[in-house]
There are 2 protein chains.
Amino acid sequence: MRILIIEDDGQTSAYVSKGLTECGYLVDIASNGKEGLVRAVSEDYDLAIIDRMLPELDGLSIVETLRRANKDTPIIFLSALGGVSDRVKGLRSGGDDYLVKPFAFSELLARVEALLRRPASRAVETNLRVADLEMNLLARQITRCGQTIELQPREFRLLEYLMRHAGQVVTRTMLLENVWDYLFDPQTNVIDVHISRLRQKIDKNFEPALLHTVRGAGYSLRGPD
Amino acid sequence: MRILIIEDDGQTSAYVSKGLTECGYLVDIASNGKEGLVRAVSEDYDLAIIDRMLPELDGLSIVETLRRANKDTPIIFLSALGGVSDRVKGLRSGGDDYLVKPFAFSELLARVEALLRRPASRAVETNLRVADLEMNLLARQITRCGQTIELQPREFRLLEYLMRHAGQVVTRTMLLENVWDYLFDPQTNVIDVHISRLRQKIDKNFEPALLHTVRGAGYSLRGPD
DNA sequence: CTTCAATTATCAAAATGCGCATGGTTCTTC
DNA sequence: GAAGAACCATGCGCATTTTGATAATTGAAG
């Protein structure tokens, strides 16, 4: 379990970090708001502990930004501001819990674990999305721009793999290994054929194209940036 | 959104209930632990607010029992016991939050909404289970007693329908409509055939049988009670 | 014991899914 | 701008899977 601490007071962050590490969590510390936000957005933490008052960017704004970006990492506020209205503000902004300094580590830990225990934290991803292309793993249904698209099993696997690696370049070797379970090169153009068929279905009739060829390397599924 | 309050102090429960009702929640009140537990188990609340000290059965025990019964209704403890160790105990027992009396209603409301906003509250069911028979909708995988079982698409649909209606009697007409999309009677024994095939796979080699015939009516999937 | 519903086995038709080969297209490099 | 490389699209056919029907057997209820 990975936890991010955003806290400018080195003493507090060291204290919390030490305790959590001892309990087996992987802890990262960001000492200002900007850095914290960047890390929270770009990496996948299971929980974040955020100070409300921070240099560069305050805690409330971080959380609001995160939530707007659809990141629902559980968040515990840590703050010296202990008034009812402060706590309400923190929770309303998208925080999941609010602990007033000074606090007992044991309570923080209990609250961390209460949040991590919520099924949401380990929720299974049932939906993948790249731009307006959506895959519902449960219903095995693909839609682009609201229109549903039918895929064959192999095409489905192919697309799932591409979506799970959206933005990255996916090589033929990766596809052979992970979509076809081949450990060798079949010396044919199977991949090309299926990529082509997939394109017919997900990119033809739509704008813009999402499945791009990376000459000499492989393919890459990505939306417009 | 339905909220259950388990609280013996009439004044507190009335106060909380009034506030929540004004916010559009449907509120039920149980004034002792036993009654509260029964309601929490038998009905489906989106959240429960539970006093720690209650006549008949204390709050901690209620929560522990609920969690053991696999109910993961979010729970907020409300208590006059405000020491760190009390709070930790409440959270450790399976509670999601702990608010010390006296409290501001606005904070309680903010905490209620923080919990309800967590996706967990509207988590999608990705797993069905009847006794030791499990269906993982995401992986489209069936296991009984840990052993994985292969099913054909139609058998899968059939079993899914049966599992979603476990305990009930499922008639042939229901099956024709929902598994075959037939709106008429095909005048053959398609259903019987598929039920038989399904039995071979899920009940043969296992004890006890889960798929029961209800003579003259249909079938019923259910575990031992 | 009889009857009718339910179960099971076997079969054949239908549908599907997949990969290959071929020939066409686009890109790169000189 | 020509040649070669990489990539793309299409149709075909094989193999397998999947399905539904028929018919024989079993078993429960009266």
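Chain letters run A, B, ... following the sequence lines, proteins first and then strands; every chain starts at 1.
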Touch class at under 4.0 angstrom, heavy-atom based, for [X] against every strand present:
X	answer
A/Tyr182	sugar-phosphate
A/Tyr219	sugar-phosphate
B/Arg154	sugar-phosphate

*Please determine, by modelled atom types, if A/Glu177 and A/Tyr161 share a side-chain donor-acceptor pair under 3.5 angstrom.*
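No, no side-chain donor-acceptor pair sits under 3.5 Å.
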
_With nearest nucleotide decided by heavy atoms, which residue, A/Gly218 or B/Val190, maps closer to the 5′ end of DNA chain D?_
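That would be A/Gly218.
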
_A/Val214 vs B/Leu151, nearer the 5' end of DNA chain D by closest nucleotide_ =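 By nearest-heavy-atom nucleotide position, the 5'-most residue is A/Val214.
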
Interatomic distance, [X] [atom1] vs [N] [atom2] [rounded to whole Å]:
X	N	atom1	atom2	value
B/Arg215	D/dT26	CZ	P	15 Å
A/Gln152	D/dT18	CD	P	13 Å
A/Ile191	D/dC8	CD1	P	11 Å
B/Leu175	C/dA6	CG	P	12 Å
A/Asp203	D/dC8	CG	P	12 Å
B/Leu158	D/dT18	CG	P	15 Å
A/His212	C/dC27	NE2	P	14 Å
B/Phe156	D/dT17	CZ	P	19 Å

_Close side-chain approach of B/Arg111 to A/Leu91, heavy-atom, < 4.5 Å_ =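 In short, these two side chains touch, coming nearer than 4.5 Å.
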
_B/Lys34 bridged to B/Asp8 by N-O distance under 4.0 Å_ =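 The answer is no: the pair does not qualify as a salt bridge.
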
*Output yes when A/Glu64 and A/Arg68 qualify as a salt bridge under the 4.0 Å nitrogen-oxygen rule, no when they do not.*
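Salt bridge between A/Glu64 and A/Arg68, a charged N being under 4.0 Å from a carboxylate O: no.
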
Would you tell me if any nitrogen or oxygen in the side chain of [X] comes within less than 4.0 Å of OP1 or OP2 on [N]?
X	N	answer
A/Arg172	D/dC7	yes
A/Thr213	D/dC8	yes
B/Trp180	D/dT19	no

*asked:* A/Arg164: which residues meet the salt bridge (Lys or Arg N to Asp or Glu O under 4.0 Å) condition with it, sequence neighbours left out?
replied: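 A/Arg164 satisfies salt bridge (Lys or Arg N to Asp or Glu O under 4.0 Å) with A/Glu160 once adjacent residues are dropped.
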
*With sequence neighbours excluded, tell me which residues meet salt bridge (Lys or Arg N to Asp or Glu O under 4.0 Å) with B/Asp132.*
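Testing B/Asp132 for salt bridge (Lys or Arg N to Asp or Glu O under 4.0 Å), a comparison that skips the adjacent residues, returns B/Arg144.
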
_B/Thr188 and its side-chain contact (heavy atoms from CB on, under 4.5 Å) partner, picked from B/Val190, B/Asp185, B/Ile191, B/Asp192_ =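 Of all the options given, the one that passes is B/Val190.
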
*Just compare D/dG20, C/dC20, C/dT26 and give me whichever is closest to any side-chain atom of A/Thr188.*
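Selected nucleotide: C/dC20.
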
*Where along nucleotides 9-14 of chain D does protein come under 4.0 Å, by heavy atom, of base (B) or sugar-phosphate alone (S), with - for untouched nucleotides?*
BBB---

